[in-house]
Undergrad: 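After the structure tokens below, expect a handful of questions from me.
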Amino acid sequence: MKKIFFSLLSVLLLTACTTETVSDAKQEKNHPHIYPDYLGVTIPVNIAPLNFGMDDETFLLVDAVITDRNGNTLHSQGEESVDFDIDDWQELLDKNRGDSLSVTVSAKYEDGWHTYNPFSIYVSPDSIDYGICYRLIEPGYEVWSKMGIYERDLSSFDERPLIENTQFEGCVNCHSFNRGNPADMSLHIRGEHGATLLCQNNGPMAAYDTKTDQTLGLCVYPYWHPSGRYVAYSTNSTKQLFHAADSNRVEVFDEASDLQVYDVNKNELILSPLLKQESVYETYPVFSADGRSLYFCAAKALPEGSHSLDSIRYNLCRIDFNPETGDFGNRIDTIINVEAQNKSVSFPRPSYDGRFLCYTLSDYGQFSIWHHEADLYLLDLSTGESSPMTKANSKDTESFHNWSTNSRWLVLSSRRDDGLFTRPYFCHVDAKGNVSKAFMLPQRNPRRFYRERFLSFNVPDFIIAPTDFDGHEASQIINDESRQKIGVRSK
């Protein structure tokens, strides 16, 4: 009886692993329409397999053969998507650094097989960081339910939670690392147990009350100084409303906002009157690559009683910063003046090699994740010239973004997939500022994953290694009512 059982099991397993031969296929003259769209993309040499299916969802089988110039091939076939073996995929990419792969796709429909013109995938010799860290959140407006901070290994499909708000009452957001190094981490908690969690050099985690009698409120929107000694924060008094007749459903805006820099060594906030003017909204601070400048967005404050939110427009500004003394400069320079063009800047992010600065451009405001017109622009810091990142942009929202540590890859947030949920995409930026077509974060079964996971990927950031983050310890610290106080130093 056991022999019969094992024989039947062997037959079933063999049948399940058998692929159907692509035969009598009709040769189509066009490229295949696949989901996700990976046609002509540039990918890092250490990225997870780009599994895909057909875009129309009426196919019965999809078949893909990847070939390099030396005749090496990789084949996969599936009912929902192709699923390339990770080891074989990585071996093929390693052999083809700096070269292109040819992908031939066939799809079986009710009327038989169809084979499409091959398309290319370019394998960049530039690697990408170990992974990304992001918040997963439902696209709600008024209340939060389950959410958490997660990390994903970019060379595989492995994802793990760092902390979820089922472990405490509140909202987790505004996570930040020092140039992708998870040893330096800032994490903001909102709600009844509000706090800023800080960890430096993988040292002990501590919860801080960052509200002082000289600041508007708690510290949010963090960005680490390259030395690890300082963290720039904004303090925002934020409101939210719904549009009655507008394609942009939600508007998040500041009624007041200031900037400050936290000195980790001295446990004090460094303030400047130039960065806390009542007549100006200052937000999204980021340090330059050399740590001697602070970039930020600034807009003229609305007159009291005014509700003309579409007239709030932010320029990109800069102020000097001395990391040896913690002193700010005595003037603010406007780097990009888009107010005159009836546009607005948000989310500035300088590359770590000091060459470029990527920012989001929208029609108005600073919370561009709900603005369908929002696109990414690249500022050449050596020439001062800006240009749209046309190949990476889409017809829908591009908003938050971050650089890889080698300054060759951007992870960007986009709603191009369905107009509702934010997904992470990646694009390559070479030393001359040439930008490649963006590709979606690979998944083992992308259609099933993205269609069944009704969550948005929020604030993606690169990490160079797995985080040594203890979610249980963090939740205990958050649930504890004690908070460390911080001092204030005015400059």
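Computed from a predicted model, the values in this text were never measured in an experiment.
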Undergrad: Could you tell me whether the side chain of Tyr223 reaches within less than 4.5 Å of the side chain of Pro285, counting heavy atoms only?
TA: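 Counting from C-beta outward, Pro285 and Tyr223 never come under 4.5 Å.
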
Undergrad: Check this for me: does any side-chain nitrogen of one of Asp209 and Lys485 sit under 4.0 Å from a carboxylate oxygen of the other?
TA: yes

Undergrad: Is the shortest side-chain heavy-atom distance between Ser413 and His401 below 4.5 Å?
TA: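 Side-chain contact under 4.5 Å: no.
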
Undergrad: Is it the case that the ring center of His175 lies less than 6.0 angstrom away from the ring center of Tyr134?
TA: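 No, too far apart.
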
Undergrad: Does CD in Glu324 sit with more than 12 non-hydrogen atoms of other residues, nucleotides or ligands closer than 6.0 Å?
TA: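 Result for CD/Glu324: enclosed.
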
Undergrad: Would you say the side-chain atoms of Gln90 and Asp94 include a donor-acceptor pair closer than 3.5 Å?
TA: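 There is such a pair (donor and acceptor under 3.5 Å, judged by atom type) between the side chains of Gln90 and Asp94.
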
Undergrad: Would you say the ring centroid of Tyr359 lies under 6.0 angstrom from that of Phe347?
TA: no

Undergrad: For a quick check under 3.5 Å, do Tyr262 and Asn267 share a side-chain donor-acceptor pair by atom type?
TA: yes

Undergrad: So do Phe439 and Ile47 actually touch side chain to side chain, heavy atoms under 4.5 Å?
TA: yes

Undergrad: In Å and rounded to the nearest 0.5 Å, what is the CG to SG distance from Asn178 to Cys199?
TA: 12.0 Å

Undergrad: Measure across Asp129 and Phe462 and return the closest heavy-atom pair with its distance rounded to 0.1 Å.
TA: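 What the structure gives for the nearest pair is OD2-CB, 3.5 Å.
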
Undergrad: Indicate yes or no for a side-chain donor-acceptor contact from Trp409 to the backbone of Asp126 under 3.5 Å, with no hydrogens or angles considered.
TA: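 Here the side-chain-to-backbone pair exists.
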
Undergrad: Checking Ser414 against Glu398: is there a side-chain donor and acceptor pair closer than 3.5 Å?
TA: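 Yes, side-chain donor-acceptor contact under 3.5 Å.
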
Undergrad: If you look at every heavy atom in Trp224 and Val264, which pair is closest and at what distance?
TA: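 Scanning both residues, the minimum pair turns out to be CZ3-CG2, 4.4 Å.
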
Undergrad: So which atom in Ala207 and which in Ala195 form the shortest heavy-atom distance, rounded to 0.1 Å?
TA: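 Smallest interatomic distance, heavy atoms only, reads CB-CB, 4.1 Å.
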
Undergrad: Tell me whether Glu282 contacts the main-chain N or O of Gln277 through its side chain, where contact means a donor paired with an acceptor under 3.5 Å.
TA: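 Side chain of Glu282 to backbone of Gln277, a donor-acceptor pair under 3.5 Å: yes, one is there.
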
Undergrad: Minimum heavy-atom separation for Arg313 and Ala299, please, with both atom names.
TA: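 Here Arg313 and Ala299 meet closest at O-CB, 3.2 Å.
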
Undergrad: For a 4.5 angstrom cut-off between non-hydrogen side-chain atoms, does Phe400 reach Val459?
TA: yes

Undergrad: Side chains of Arg415 and Lys395: does their closest heavy-atom pair fall under 4.5 Å?
TA: no

Undergrad: Is there a donor-acceptor pair under 3.5 Å between the side chain of Asp375 and the backbone N or O of Met389?
TA: no

Undergrad: As an exercise, state the distance from OG of Ser288 to CG of Leu357, rounded to the nearest 0.5 Å.
TA: 10.0 Å

Undergrad: Under a 4.0 Å threshold between the charged nitrogen and the carboxylate oxygen, would Asp320 count as salt-bridged to Arg318?
TA: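 Salt bridge: yes.
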
Undergrad: Check Phe457 against Leu441 and note the closest heavy-atom contact, atom names and distance.
TA: CE2-CD2, 4.3 Å

Undergrad: Hey, are the side chains of Val429 and Arg408 touching, using non-hydrogen atoms and a 4.5 Å cut-off?
TA: no

Undergrad: For residues Ala298 and Val280, report the shortest heavy-atom separation together with the two atoms involved.
TA: CB-CG1, 3.9 Å

Undergrad: Are Tyr230 and Phe321 an aromatic pair by the rule of ring centers under 6.0 Å?
TA: yes

Undergrad: Donor-acceptor pair, distance only, cut-off 3.5 Å: does the side chain of Asn202 make one with the backbone of Asp184?
TA: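 No; zero donor-acceptor contacts below 3.5 Å.
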
Undergrad: A cation-pi test, strictly: NZ or CZ of Arg135 under 6.0 Å from the centre of the six-membered ring of Tyr150 and no more than 45 degrees from its axis. Yes or no?
TA: no

Undergrad: Can you tell me if Lys391 has over 12 outside heavy atoms packed within less than 6.0 Å of its NZ?
TA: no

Undergrad: When you check the side-chain N and O atoms of Asp353 and Ser351, is any donor under 3.5 Å from an acceptor?
TA: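 Short answer, yes.
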
Undergrad: To the closest 0.5 Å, what do you measure between CG (Asn46) and CG (Leu93)?
TA: 8.5 Å

Undergrad: Are the aromatic ring centres of Phe296 and Tyr284 under 6.0 angstrom apart?
TA: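 Centroid distance Phe296-Tyr284: not below 6.0 Å, so no.
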
Undergrad: Would you say the side chains of Thr467 and Glu151 form a donor-acceptor pair under 3.5 Å?
TA: yes

Undergrad: Are Asp430 and His428 side-chain neighbours, meaning at least one heavy-atom pair lies under 4.5 Å?
TA: yes

Undergrad: For Glu268 and Arg489, run salt bridge (Lys or Arg N to Asp or Glu O under 4.0 Å): C-alpha distance rounded to whole Å, both residues' side-chain angles, the deciding distance at 0.1 Å, then the answer.
TA: CA-CA 6 Å; Glu268 60 184 13; Arg489 177 175 22 141; 2.5 Å; yes

Undergrad: Whether the side chain of Asn322 engages the backbone of Asp327 through a donor-acceptor N/O pair (distance < 3.5 Å, no angle test) should be reported.
TA: no

Undergrad: In terms of the angle between their ring planes, are Phe421 and Phe454 parallel, tilted or perpendicular, with boundaries placed at 30° and 60°?
TA: tilted

Undergrad: Measuring only between side-chain heavy atoms, which start at C-beta, is Phe426 closer than 4.5 Å to Leu154?
TA: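 Counting from C-beta outward, Phe426 and Leu154 do come under 4.5 Å.
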
Undergrad: So Asp363 and Lys343, salt bridge (Lys or Arg N to Asp or Glu O under 4.0 Å) or not? Walk me through it.
TA: CA-CA 5 Å; Asp363 286 345; Lys343 295 293 183 180; 2.8 Å; yes

Undergrad: Does a donor on one side chain and an acceptor on the other come within less than 3.5 Å for Ser382 and Arg355?
TA: yes

Undergrad: For atom CG of Asn330, is the number of surrounding heavy atoms from other residues, nucleotides or ligands below 6.0 Å larger than 12?
TA: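 No, the 6.0 Å shell around CG holds no more than 12 heavy atoms from other groups.
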
Undergrad: Kindly determine whether Met205 and Phe469 satisfy side chain to side chain contact (heavy atoms under 4.5 Å, CB included), including the steps that lead there.
TA: CA-CA 9 Å; Met205 192 183 310; Phe469 186 88; 3.7 Å; yes

Undergrad: Between the side chains of Tyr35 and Arg451, does any donor sit under 3.5 Å from an acceptor?
TA: yes

Undergrad: Walk me through whether Tyr221 and His188 qualify under ring pair (Phe, Tyr, Trp, His ring centres under 6.0 Å).
TA: CA-CA 9 Å; Tyr221 300 152; His188 185 58; 9.0 Å; no

Undergrad: Could you walk me through whether Ser186 and Tyr233 pass the side chain to side chain donor-acceptor pair (under 3.5 Å) test, one step at a time?
TA: CA-CA 10 Å; Ser186 174; Tyr233 290 100; 2.9 Å; yes

Undergrad: Measure from the side-chain N and O atoms of Tyr38 to the backbone N and O of Met440, and report whether any donor-acceptor pair falls under 3.5 Å.
TA: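 It does hold such a pair.
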
Undergrad: Which one of Thr212, Thr210, Thr215, Thr235 satisfies the side-chain hydrogen bond (donor to acceptor under 3.5 Å, both in side chains) criterion with Gln260?
TA: Thr235

Undergrad: Can Arg179 and Ser404 be counted as having a side-chain donor-acceptor contact under 3.5 angstrom?
TA: no

Undergrad: Going by atom types only, do Asn337 and Thr334 share a side-chain donor-acceptor pair under 3.5 Å?
TA: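 There is no such pair between these side chains.
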
Undergrad: Given Arg331 and Asp333, is the salt bridge (Lys or Arg N to Asp or Glu O under 4.0 Å) satisfied, shown in steps?
TA: CA-CA 7 Å; Arg331 78 171 193 272; Asp333 297 316; 2.8 Å; yes

